[in-house]
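Okay, so here's the structure we're looking at.
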Amino acid sequence: ISNYDIGLEGMGQGYAGQMTPFQMALIVSAAANMEGKLMKPRIEMSQPPQTYAQVLSPQQAQAIREIMALVTEGSGGTATRVFGGVRSAGIRVGGKTGTAEKQAPVYDKDGKLKTVKRKRKDKDGKIIEYDAPVMYERTDSWFVCTAPIERPQLAIAVVVEGGGFGAK
């Protein structure tokens with residue numbers, strides 16, 4: 001991984017765009033956990049909770065939740081409009097909006113990948129022709145949250161592919 005890739009990842013681009021909503025919900029759940037523990041996911045409710053790792057101190061987890069609350073409650077928060085009704089119902093939510101710009105392949109109306117002919121040199125310096133996918137830049141909208149802030153019961157991650165900026 002190059003320094004450029006690390007820089008992109010630090011602002012939610014590049015390899016960071018390969019995160020799934022499930023993985024992002026797990027990240028949020030560590031801050032939602034009152035003890036700062038990352039819990040092993042479980043599908044069966046009959047299984048006991050198991051800690052995967054201690055990733056935050058309880059104080060750090062609380063601070064992150066309060067910072068996330070600024071997104072939904074603060075005067076400059078990017079999600080304050082959306083959560084006005086939730087706040088008026090007495091529920092405090094902590095969230096984070098996000099925007100991920102990524103290259104995505106283009107498909108035709110039948111679902112077939114569109115390609116263009118390209119040329120490059122092979123390992124011997126010989127020019128070869130190949131089919132490269134046609135790509136377009138897509139801006140995905142992300143939102144992760146936990147609620148209620150005082151004693152979280154859930155962590156949610158949502159991505160809207162092609163949805164634009166996360167704050168919208």
Side-chain angles (χ1 to χ4, degrees), residues 1-105 133 135-168:
I1 189 167
S2 70
N3 287 338
Y4 179 76
D5 290 326
I6 291 171
L8 286 177
E9 191 166 340
M11 57 183 227
Q13 311 297 324
Y15 294 113
Q18 296 177 14
M19 300 293 287
T20 67
F22 181 72
Q23 290 168 316
M24 294 302 292
L26 280 177
I27 291 169
V28 170
S29 72
N33 182 291
M34 301 298 279
E35 298 173 14
K37 294 178 180 176
L38 177 62
M39 304 302 287
K40 288 184 179 180
R42 61 186 175 140
I43 296 172
E44 299 173 10
M45 290 302 293
S46 62
Q47 295 295 314
Q50 295 179 350
T51 301
Y52 181 72
Q54 181 76 43
V55 295
L56 300 167
S57 72
Q59 297 80 14
Q60 290 169 325
Q62 180 180 359
I64 290 171
R65 288 192 307 274
E66 289 300 326
I67 291 167
M68 290 175 72
L70 295 173
V71 172
T72 59
E73 299 175 351
S75 61
T78 53
T80 54
R81 290 184 323 226
V82 176
F83 282 89
V86 176
R87 268 193 325 277
S88 65
I91 301 170
R92 293 188 68 210
V93 176
K96 176 67 182 95
T97 60
T99 304
E101 297 165 339
K102 62 194 313 183
Q103 293 289 315
M135 304 293 279
Y136 75 100
E137 187 167 292
R138 183 180 79 203
T139 304
D140 296 343
S141 176
W142 280 84
F143 184 72
V144 295
C145 70
T146 185
I149 286 294
E150 299 81 9
R151 190 145 185 85
Q153 299 298 306
L154 57 94
I156 299 172
V158 178
V159 62
V160 179
E161 293 181 344
F165 294 100
K168 294 184 180 194

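All values below come from the heavy atoms of this structure, side chains included, with hydrogens, waters and symmetry mates left out. One-based numbering along the sequence shown. Because the structure is a prediction, the values reported are computed rather than measured.
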If we only count heavy atoms from C-beta on, is the [X] to [Y] side-chain gap below 4.5 Å?
X      : Y      : result
Glu137 : Gln103 : yes
Tyr52  : Pro41  : no
Met68  : Val28  : yes
Ile64  : Leu56  : yes
Thr51  : Met39  : yes
Thr99  : Thr139 : yes

Please give me the minimum heavy-atom distance between [X] and [Y], naming the atom from each residue.
X      : Y      : answer
Ala30  : Ala61  : O-CB, 4.2 Å
Phe143 : Ala79  : CE1-CB, 4.1 Å
Gly74  : Thr80  : O-CG2, 2.8 Å
Ile149 : Gly94  : CD1-N, 3.2 Å
Ala25  : Ala155 : O-CB, 3.7 Å

Check whether any side-chain N or O of [X] sits under 3.5 Å from a backbone N or O of [Y] as a donor-acceptor pair, and report yes or no.
X     : Y     : answer
Thr97 : Thr78 : no
Glu35 : Asn33 : no
Gln23 : Thr20 : yes

- request: State whether Glu73 and Arg87 are salt-bridged, where the test is any N-O pair (Lys NZ or Arg NE/NH1/NH2 against Asp/Glu carboxylate O) under 4.0 Å.
  value: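 No salt bridge links Glu73 with Arg87.
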Spacing of Ile156 atom CD1 and Thr146 atom OG1 [to the nearest 0.5 Å]: 8.5 Å
field: Partner of Arg65 under side chain to side chain contact (heavy atoms under 4.5 Å, CB included), chosen from Glu150, Arg92, Met34
entry: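 For Arg65, the side chain to side chain contact (heavy atoms under 4.5 Å, CB included) check succeeds only for Met34.
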query: Is the count of non-hydrogen atoms from other residues, nucleotides or ligands lying under 6.0 Å from Arg42 atom CZ greater than 12?
result: yes
